[in-house]
Amino acid sequence: MPQILFLAVIGAAAGLLATRLMRVTMDVPSAMGLGVIGALVGGFVLRLIVTVGGWAITFVLAVLGSMALIWVWQRLKR
């Protein structure tokens, strides 16, 4: 729950900054609202990517570890 609140605060500031950088005319509450929504969606998407990436890295390392163990086993078997 604290992370969602943190994303909301950061998102509000980011929304205001983004409208100024992009020179978009928008009222402050709308800019803050869009920033909050963008931060929440971006935060969840990033978390999903990191989680999936973590699984993929774990899988690759597991395959490499298995290959190394099979190689050692074949050498010892000779």
Side-chain angles (χ1 to χ4, degrees):
M1 188 65 163
Q3 289 178 336
I4 292 175
L5 182 60
F6 179 71
L7 283 175
V9 170
I10 295 297
L16 287 173
L17 182 61
T19 57
R20 301 307 182 259
L21 291 174
M22 295 179 69
R23 295 188 175 108
V24 174
T25 304
M26 185 179 290
D27 59 302
V28 172
S30 296
M32 291 174 71
L34 284 175
V36 169
I37 292 169
L40 292 174
V41 169
F44 290 125
V45 168
L46 181 62
R47 183 171 297 180
L48 178 65
I49 290 170
V50 168
T51 300
V52 171
W55 292 340
I57 291 168
T58 301
F59 179 73
V60 168
L61 291 176
V63 170
L64 291 175
S66 297
M67 290 171 63
L69 189 59
I70 290 170
W71 181 81
V72 169
W73 179 69
Q74 287 177 338
R75 296 295 174 239
L76 292 175
K77 189 177 165 186
R78 287 184 182 183

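What you are looking at is a predicted structure, and each value in this text was computed from that prediction instead of being measured.
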ILVMFWY cluster membership beyond Ile49 - transitive side-chain contacts under 4.5 angstrom: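 Ile49 clusters with Ile37, Val41, Val45.
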query: Under a single-linkage rule joining Ile, Leu, Val, Met, Phe, Trp and Tyr whose side-chain heavy atoms are separated by less than 4.5 Å, which residues share a cluster with Val52?
result: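 Reading the cluster by chain and number, Val52 sits alongside Leu48, Trp55.
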field: Residue that, paired with Leu61, satisfies side chain to side chain contact (heavy atoms under 4.5 Å, CB included) out of Val63, Thr58, Ile57
entry: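 The single option meeting the side chain to side chain contact (heavy atoms under 4.5 Å, CB included) with Leu61 is Ile57.
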task: For Asp27 and Ser30, work out which heavy atoms get closest and say how close.
output: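 It is OD1-OG, 2.8 Å.
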Only distances under 3.5 Å count here; give the side-chain donor-acceptor pairs of residues 4-17 to other protein atoms, sequence neighbours excluded, each with its distance to 0.1 Å.
none

Which distance, rounded to the nearest 0.5 Å, do you find between the [atom1] of [X] and the [atom2] of [Y]?
X: Arg20; Y: Met26; atom1: CZ; atom2: CE; value: 9.5 Å
X: Ile70; Y: Lys77; atom1: CD1; atom2: NZ; value: 11.5 Å
X: Gln74; Y: Leu69; atom1: CD; atom2: CG; value: 10.5 Å

